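Numbering of ligands and ligand atoms starts at 1, following listing order. Remember, predicted model here, so these are calculated numbers, not experimental data.
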Amino acid sequence: AGAIVTIGEILVEIMAVEKGNGFLAPQPLIGPFASGAPAIFIDQVGRLGHPAAIVSAVGDDDFGRLNLARLREDGVDVSAVAIHPGAATGSAFVRYRPDGARDFVFNIRDSASGRIDLDSEALAVLAQAGHLHFTGSSLGIPAILGIAERAVDIVKSRGGTVSFDPNVRKELLGDPGFRRALEAVMAATDILLPSGDELHLIAGVEDEAEAVRSLLARGVAEIVLKRGAGGASHFDRTGRTDAPGFVVEEIDPTGAGDCFGATYLVCRRQGMPVAEALRYANAAGARTVTVKGPMEGTSGFAVLDAFIATTKGAGA
Ligand code: ATP
């Protein structure tokens with residue numbers, strides 16, 4: 001059936017130990033942790049034992065090596081991760097505010113991720129792809145925006161499918177290049193994985209049912225709406241399936257959506273019915289939020305089965 005492939009940024013995350021406001025004074029930090037929404041996504045695909053590859057770029061530095069080692073260890077093909085000696089691997093500093101909101105300092109656009117390209121290794125990986133996944137955050141990087149359409153065409157022309165996790169930052173919506181890439185990806189999207197108000201943002205319609213109808217009419221085959229602790233809802237032409245979330249203590253929400261999406265896609269590609277795929281996806285998302293660090297909560301099927309057996313919720 002072919003590998004699941006994603007294109008996007010690889011970076012490290014460095015987290016403030018204590019909650020507070022911003023980075024205006026020296027403070028204890030932990031990290032670097034392997035990160036980047038597409039990297040977290042593909043790591044989870046690899047952990048589940050499904051063929052997985054990422055098209056990306058890192059610097060010739062420890063932040064890049066740390067990520068490559070981690071992805072390889074979890075079964076991800078990193079042959080299409082270019083190493084650019086002249087650029088640094090990106091980074092994100094994160095601090096949780098007392099109210100749960102997050103402050104970020106990003107260095108991504110000017111990092112090696114800004115040089116992601118469809119070189120011969122990337123084309124070789126895309127030629128093996130059965131499915132291509134995009135994360136909205138990546139479309140904010142001009143280099144990726146410039147190759148998204150071509151990558152979609154390569155995969156679609158071979159009969160592959162496309163998924164999209166909008167993860168859209170509102171300030172990007174005014175950028176014409178971003179809008180063009182967003183529309184190209186949306187036009188090709190078979191499975192849309194929005195969360196919160198992204199459904200409305202993408203559909204341009206406030207009412208949930210109306211937004212769903214409009215997107216299905218535009219050719220999206222499946223919409224999987226992530227509802228945080230509330231679980232998820234699945235919509236397609238045949239109707240709607242709701243799946244409640246698992247009850248956990250949230251330590252660090254970063255990565256939940258990416259692990260959810262990866263797990264849903266792998267389960268469906270392995271032939272599971274929607275309800276069962278949602279249960280595994282909710283379990284993967286919930287487990288992620290109990291672990292500190294963006295990629296530290298990715299999990300294989302054995303871990304998910306144990307989690308489902310011992311965790312309340314999900315209608316069990
Ligand atoms: P993020 O951007 O933080 O990675 P997201 O906004 O894309 O995530 P969410 O709806 O926050 O998506 O989380 C994805 C999935 O993870 C949810 O559908 C749910 O299954 C699980 N999840 C997230 N937060 C919790 C929580 N507090 N308790 C239980 N499950 C959760």
At under 4.0 Å between heavy atoms, which part of Glu250 makes contact with ligand 1: side chain, backbone, both or neither? side chain
Candidate list Asp258, Thr298, Thr263, test side chain to side chain donor-acceptor pair (under 3.5 Å), partner Gln44, passing option: Thr263
Note: Ser195, heavy atoms under 4.0 Å from ligand 1, region reported as side chain
Any N or O on Val289 sitting closer than 3.5 Å to an N or O of ligand 1? no
Under 3.5 Å: N/O of Pro253 near N/O of ligand 1: yes
Atom 15 (C) of ligand 1 [closest protein heavy-atom partner, distance rounded to 0.1 Å]: Phe260 CD1, 3.8 Å
Can you pull out the closest protein heavy atom to atom 18 (O) of ligand 1? Residue, atom name and distance to 0.1 Å, please. Gly231 O, 2.9 Å
Sidechain N-carboxylate O distance under 4.0 Å for Lys292, Glu249: no
Tell me whether Asp62 is salt-bridged to Arg65, with the criterion being a basic N under 4.0 Å from an acidic carboxylate O. yes
Would Ala232 count as being in polar contact with ligand 1, using the rule that some N or O on each side must be under 3.5 angstrom apart? no
Write out the residue and atom name of the closest protein heavy atom to atom 29 (C) of ligand 1, then the distance separating them to 0.1 Å. Phe246 O, 3.1 Å
At less than 4.0 angstrom from any non-hydrogen atom of Arg227, what atoms of ligand 1 do you find? 10 (O), 18 (O)
Please determine whether ring pair (Phe, Tyr, Trp, His ring centres under 6.0 Å) holds for the pair Phe106 and Phe93, giving the CA-CA distance in whole Å, both sets of side-chain angles, and the decisive distance to 0.1 Å. CA-CA 7 Å; Phe106 286 118; Phe93 289 77; over 10 Å; no
So, Phe164 versus His133, ring centres under 6.0 angstrom or not? no
For atom 7 (O) of ligand 1, what's the nearest protein heavy atom and its distance? Lys226 NZ, 3.0 Å
Identify whether the distance between the nearest side-chain nitrogen and carboxylate oxygen of Lys226 and Asp165 falls below 4.0 Å. yes
What atoms in ligand 1 come closer than 4.0 Å to a heavy atom of Val248? 28 (N), 29 (C)
May I ask you to check whether over 12 heavy atoms, not counting those of Arg109, lie within 6.0 Å of atom CZ? no
Pair Glu18 + Arg95, salt bridge at N-O below 4.0 Å: no
Can you tell me how far CD1 of Ile54 sits from OG1 of Thr6, rounded to the nearest 0.5 angstrom? 5.5 Å
Closest to atom 16 (O) of ligand 1 among protein heavy atoms sits Gly285 CA, 3.3 Å
Do Arg268 and Glu222 meet the salt-bridge criterion of a basic N to acidic O distance under 4.0 Å? yes
Of all protein heavy atoms, the one nearest atom 8 (O) of ligand 1 is Gly257 N, 3.2 Å
Shortest heavy-atom approach to atom 11 (O) of ligand 1 - which of Gly255, Gly228, Ala281: Gly228
Would you check the N or O atoms of Asp165, main chain and side chain alike, for any that come under 3.5 Å of an N or O of ligand 1? no
Salt bridge or not for Glu296 and Arg70, using N-O below 4.0 Å? yes
Has ligand 1 got any nitrogen or oxygen that is less than 3.5 angstrom from a nitrogen or oxygen of Asn282? yes
Answer yes if a protein heavy atom lies under 4.0 Å from atom 2 (O) of ligand 1, otherwise answer no. no
Identify the closest protein heavy atom to atom 13 (O) of ligand 1: which residue and atom is it, and at what distance? Ala256 CB, 3.7 Å
